[in-house]
Amino acid sequence: CPQLRTTKTINTSSTADYIKTCKIAEKNFVNCSTESIQMLFDKLNTGIPGLDTIKSFDPFLLNRIKITQGNSNAINLKVELSNVKIEGFGHTNVLESMVYPKDYSWKTIFMLPEMKLKGDYSLFGRILLIPLNGRGEVFLDAENMTVTMRTKTRLYSKGGYTFYNVTSTDVDFKLDGLRSYFSNLFNGQKQL
């Protein structure tokens, strides 16, 4: 008797309902790309099946962030944040998403009406003559934060396929308002 075989066909031409396909040669590409990135941000709020690295987008949880600023006479800071919780990405408004046809580098501009960050910090350094050394809790509240991300890429071929390699990312922030609190900023030195 013949063996019964079942096969599952996978349709690789279909895309997820939260990804809008845009063609870079079309004249309305920037609008289409902007809408597509907005749809992706919206879907990240509810979760993407199979994407286990980002379990929640709002709140967004990070184990550690390291920041090094300057190595000059005026500013020299080393900051480490841990147990970070960021709220506000759920209200992300994508303003523009451009992709450059030469190498598929891209620029995306988005706005967060409100962003709140909470976590633990350790800081070592100075601004001008003021030493800033301490560790404790940190709270940051930003209003109308506009973020511009520029990413450079390099295309390369291997095995008959073209691959996309991100070589650098530059991020600029503009804020209407920022409130911050650092507990124990001067290691308990009351005069500072």
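Only heavy atoms go into these numbers, but all of them, side chains included; no hydrogens, no water, no symmetry mates. Residue indices begin at 1 and follow the sequence shown.
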Distance-only, no hydrogens or angles: does the D172 side chain make a donor-acceptor pair with backbone N or O of T148 under 3.5 Å? no
Can you confirm whether more than 12 heavy atoms, excluding those of F124, are under 6.0 Å from its CZ atom? no
Measure from the side-chain N and O atoms of T153 to the backbone N and O of D103, and report whether any donor-acceptor pair falls under 3.5 Å. yes
Should Y181 and V84 be regarded as members of a common hydrophobic cluster, given that ILVMFWY residues are connected when their side-chain heavy atoms come within less than 4.5 Å of each other, either directly or indirectly? no
So, the side chain of T151 versus the backbone of W106: is there a donor-acceptor pair under 3.5 Å, distance only? no
Donor-acceptor contact present, side-chain D141 to main-chain K116, <3.5 Å: no
S97 and T108 have their tightest heavy-atom pair at OG-OG1, 3.8 Å
4.5 Å side-chain heavy-atom contact, F163 and N165: no
Has the side chain of Q38 got a donor or acceptor atom that lies under 3.5 Å from a matching backbone atom of L95? no
What distance do L123 atom CG and E80 atom CD have between them, rounded to the nearest 0.5 Å? 11.0 Å
I65, L175: one ILVMFWY side-chain cluster at the under-4.5 Å cut-off? yes
Backbone N or O of G125 within a donor-acceptor pair of the N76 side chain at under 3.5 Å? no
Can you tell me if S183 uses its side chain to pair, donor with acceptor, with the backbone of E137 under 3.5 Å? yes
Tell me, with the steps shown, if I67 and L77 meet side-chain contact (heavy atoms from CB on, under 4.5 Å). CA-CA 8 Å; I67 304 166; L77 291 175; over 6 Å; no
Is any side-chain heavy atom of N144 closer than 4.5 Å to one of T146? no
Decide yes or no on side-chain contact (heavy atoms from CB on, under 4.5 Å) for T169 and M149, but give the supporting numbers first. CA-CA 7 Å; T169 300; M149 294 181 66; 4.2 Å; yes
Taking all heavy atoms of H91 and all of P113, pick out the closest pair and write down the distance. O-CD, 3.3 Å
Between CG of D176 and CG of L178, what distance do you get to the nearest 0.5 Å? 11.0 Å
Compare every heavy atom of V94 with every heavy atom of F110, then report the nearest pair and how far apart it is. CB-CA, 3.9 Å
Closest heavy-atom contact between I24 and P101? CD1-CA, 3.7 Å
Looking at D170, I'd like to know if its CG atom is crowded, meaning that more than 12 non-hydrogen atoms belonging to other residues, nucleotides or ligands lie closer than 6.0 Å. yes
Tell me whether the rings of F57 and F41 are parallel (<30°), tilted (30 to 60°) or perpendicular (>60°). tilted
Greater than 12 external heavy atoms within 6.0 Å of K118's NZ: no
Tell me the closest heavy-atom pair linking F29 and K23, and the distance in Å. CD1-O, 3.3 Å
Using side-chain heavy atoms (C-beta onward) and a distance below 4.5 Å, is K107 in contact with E96? yes
Would you find a donor on one side and an acceptor on the other, under 3.5 Å apart, between the side chain of S36 and the backbone of C32? no
With a 3.5 Å distance limit and no angle check, can you tell me whether Y104 reaches the backbone of Y164 through a side-chain donor-acceptor pair? no
Indicate the atoms forming the closest heavy-atom contact of D58 with I86, along with that distance. OD1-O, 4.1 Å
Other residues, nucleotides, ligands: >12 heavy atoms within 6.0 Å of Y156 OH: yes
State plainly whether one hydrophobic cluster holds both V99 and M39, where clusters connect Ile, Leu, Val, Met, Phe, Trp and Tyr through side-chain heavy atoms under 4.5 angstrom apart. no
With side chains defined as the heavy atoms from C-beta onward, is the minimum distance between E114 and E87 less than 4.5 Å? no
